[in-house]
Every structure is written in structure tokens, then in C-alpha cells.
Number of protein chains: 2
Amino acid sequence: MMSEFNSKIRVLLVDDNYDHLMGVRELINLENDIDVVAAATNANIALNLIKKYQPSIVLMDMNMPEKDGLTAIQEIEKMKSNVKVIALTAYDDSDLIFRAMKVGAKGYILKTMASSQLIRAIREVSQGKIYLPQGLTTGFFEYFQQSFKDEAKAQTAADSLLSELTSREEEVLDMLTQGHNYKDVANLLFISETTVKTHVNNIFQKLQVNDRTQAVLYALNNGFVSKRKQRAAVG
Amino acid sequence: MMSEFNSKIRVLLVDDNYDHLMGVRELINLENDIDVVAAATNANIALNLIKKYQPSIVLMDMNMPEKDGLTAIQEIEKMKSNVKVIALTAYDDSDLIFRAMKVGAKGYILKTMASSQLIRAIREVSQGKIYLPQGLTTGFFEYFQQSFKDEAKAQTAADSLLSELTSREEEVLDMLTQGHNYKDVANLLFISETTVKTHVNNIFQKLQVNDRTQAVLYALNNGFVSKRKQRAAVG
DNA sequence: TTTAATCTAATCCTTAGGGTTTAGATTTTG
DNA sequence: CAAAATCTAAACCCTAAGGATTAGATTAAA
């Protein structure tokens, strides 16, 4: 797979199960382009070993007592080494996969999968690719898309109220969502403060809220910001 | 691939380029398990054809004048048919891929890819899977992870100020981010209104803001909400 | 061309919100 | 145990914010 003259892929294993740790070690060492340079049975040790051995790949078990894999990945990402983490679990949990990828995992595989999958994942990830087995990819995307559906729904439903605002009222609300008080808004829009108040009161009526904070919250929770950013992106 | 006795995969093509439309049509019709049941050169026509022909797959060009592919996908998803959309573009744009998947595309391929990829995508997506070619998957995830990095950064940076809040102050701020006024907060926390004011003033000092709205905005923009939800999820 | 909507603004009023100080009771921490 | 932090709450002040009405000027729609 890789010339002997090139450096081998350096792997660090993290798993609280010692037997599994040793099993994977044996398995990987069968490959002549991959080396297991260290192993840890908990996340804190792993963090230190990463500094010491500078592996290119970390195989991280997600299900561990004390510090869980997810937190560990986050901390690894923070330490700005260019080590790439592949997450490992026993079961297929879309939410966990989603969160692992979110915090920066470069791959995700199940312990139940064939060892060839693991080896392949290590090789691909070490080349800078992302590796997710077919089945997990689908699970991930279902979760991914679901997490945006609520957002989209909120926007559509809320349009009924936000769409009642006039363009001037939108401008005023926009200012409010930036934390400006009435005097500021008046100055920024070159109108009097009483006019601002009139607009704001109309906004309250239309959005069915009682105060500035509620209006801002309504705007933020119902896609008003994205609307604004959309305009900004266009212009 | 599929028994003749089963119904064929019904595909609708959408592309403003007529030549490309016909090319793909010929290509797909070579497969005996897939049928092109209709074709449209713009998104609006496509929406009507979906209702009429009820395809199982839509091949949607992203780059079209008038109504673009992204908007079209959103509208298709809204109409609650169980048609699955595969997005098509000429170039590899991670942002576009991300947004297409976000609004519900079940697959994404480039026009420059081998036809076998397209056929494979159609078959897999029609089976309920998500199909992204290897290279695009990596691009997607890079974009995906990047989009969360800013969020994470904001949280860490802001922790310096939010972390100065006492637990009671956090509770009060929490109430404020739900749109409650001081009287409400007092009732909800079983303390006097003046106590609430004291807490709020301390919050203002610590967050370096001037009013309630700004405090709420600060909280929302700096990961305070997720912190709250985190606790809720644990308990 | 009227009618309706929008943007502007004033006046008047009331209260909620914001600022400061002081202080007792409780809890945490060195 | 003593010191520090936290939670509680009062009294005081003052202005910004919220509510209502009225109305002129401009603009869009019937």
C-alpha cells in the first residue's frame, strides 16, 4: 500500500477495554504500513500520549467511564495538533455519530465491522479524507437533515407574523436585534425617537409581544436573522 | 439489478440545458430498471410534473436561472411527497453541497462524473440510502465541521464573561432569555423583585452590557442557550 | 383619482427598567 | 475559624421604555 521508504501511519489506541485494545493492536500490526505507537485505557492518559508520541491517527472509543470519547475528541481538537481522530463504538447511534463528526472526528466505525473496514478507514483518514461506512453515512444524514427540519418549520410558521412587518419596521427590529436602544435607532435611521417608538409599538402589536426583549427573541427564534443575513449576502 | 416483475425506478429530470437533459435521458434509458418518466427545463414546471407523474427520484440541476435548484428542493420537500431529490452540478462547491443536503437532498453528484456513478446514485437513493461520492463526502464534512468551529470558538471566548456569573445569576439570565420580565422572574424564582434587579444589575456588570435586551443577546450569541439545554439534557 | 397603507412625529401619561448604596443571612473556601 | 463570596432585600432616584391618541406627508393600490 505504501512504500517502505515512506514513514508509516502512526496510530494511538484509546479504549477502556484492555482486551479489545490488545486485539485491535494485533490486528493493525499485521499491516506493514501502519504502526500502533501507543495505547491508553482512558482519555486523560491519551491526551498526554498524543503530545509524547505525536501519532497521525487516534482510534477513540466513545463509550468510556469518566471522560467520554466525545469530550476527549473536543479536547484533542482544541490542542491544535494535526492528529486525526476516528471514533469507535459498539452500536450504531446516529446522534452520537452526528455529535462526534460535529466536534471534529474524521471517521467513525463500529467495533462489529470487519477489520478491513478499520484498516481502510485508517488509510483514508490519514490521507486527509473523511471515512464513514455506507450505512453510517445514511444514518448520519438522516439525523443531519432532521435537525434542520425543525428550523425550517419554525421559519415557515413564523413568517405569518414577521411578514406583516413593513420594511421600515423590519429595519427597526433589525436594529433592536443588534442591541440598540431607541435613541440609537433614531440616530441610525435619521428619524426622531418618537417615530421609533411608534414603529416599535406597531412591531409589538404585529408580533404579539409585550416588550423589546420579547420582540428580539421572537425575531431570533423565527428566522428573522437569517432573513437579514440573506439580504446582506445578496447586496 | 432488479427483477422485471418489480416496478422500475421512476425518474424526473430537471435541467435548463436541453441538450444535457436529453443526454442524461438516453444514458438512463440504457438501464432496464430505471425509467425517465418526465423532464423539465425549469423548476416550476418540475413541481407540477412531480404531482402528475409521481416519480421516485428527481435529478435536479442546481444551476438554473429564475428559480434555482436549492429553492426548488426546498419546495419539493415542503409538498410532502416522498420523492427523493439528487442534486446535480457542474462544479464541486462544498457550500452548495452542504446547503443542498441541509434542505433535504438525498444525494449529490457532479455532471463530470462517470455515468456509472449517476446510475449507482439513483439505485442507492431509491433504496432509501444517501449517496455522496467519496470526494464530495470529504468536502461536505470539512464544510460541516468548519461551520461548527466558529460556534465552538464563540463559546470558549465568551466563557470568560459568562463563566463569571453565579448560578443564581445564570438562572435569572435564563429566565430573561425566555422573555420574562422582572416581576415574572421574581415569581418564578420565589424571590422579591428587588432581588431580581440586584441580580440583573450584577449580570449587566459582568457581561458589560447596558440593558436586558443586550444581556439576552449576549447570552444567545455566546452559547449560553446550549449550556442551559445541556443541563436539561443531562437531568 | 380616491382609498388605503406607510412613514413621520408630536403630546401625554405611567410604569418597568436600570443605577447606587447599604446590609443581613447563608454558604463556601482558605 | 475567619474571610470571602453569594443570595437576599430594602430605599432611593431617574430615565428609558411602553401605551394611546392624533395627525400631517408621502406613497401604493383599487
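Worth saying up front: this structure is predicted, and the values here are computed from it rather than measured. Letters A, B, ... mirror the listed sequences (proteins, then strands); counts begin at 1.
B:I203 has its CD1 atom 15 Å from the C1' atom of C:dG19, to the nearest Å. The CG-P distance, from A:L207 to D:dG19, rounds to 13 Å in whole Å. Across the protein-nucleic acid pair, B:E171 atom CD and D:dT8 atom C1' stand 14 Å apart, rounded to whole Å.
In this structure, B:N201 reaches the bases: a heavy-atom distance under 4.0 Å links it to at least one base atom across the strands shown.
Judged by distance alone, the side chains of A:S192 and A:T195 do bring a donor and an acceptor atom under 3.5 Å apart. In the model, B:Q205 has no side-chain atom that pairs as donor or acceptor with a side-chain atom of B:N201 under 3.5 Å.
Counting only residues at least two apart or on different chains, the ring pair (Phe, Tyr, Trp, His ring centres under 6.0 Å) pairs with a member in residues 74-102 of chain A are A:F98-A:F140, A:F98-A:Y143, A:F98-B:F144.
In this structure the side chain of A:I86 reaches within 4.5 angstrom of the side chain of A:I109, judged on heavy atoms.
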**Request:** Using a 4.0 Å heavy-atom cut-off, write out nucleotides 4-16 of chain C from 5' to 3' as B (base contacted by protein), S (sugar-phosphate only) or - (no contact).
**Result:** --SSBBBB----S

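Between A:L176 and A:V185, the shortest heavy-atom contact is CD2-CG2, 4.2 Å.
Using a 4.0 Å cut-off between charged nitrogen and carboxylate oxygen, A:R168 and A:E171 count as a salt-bridge pair.
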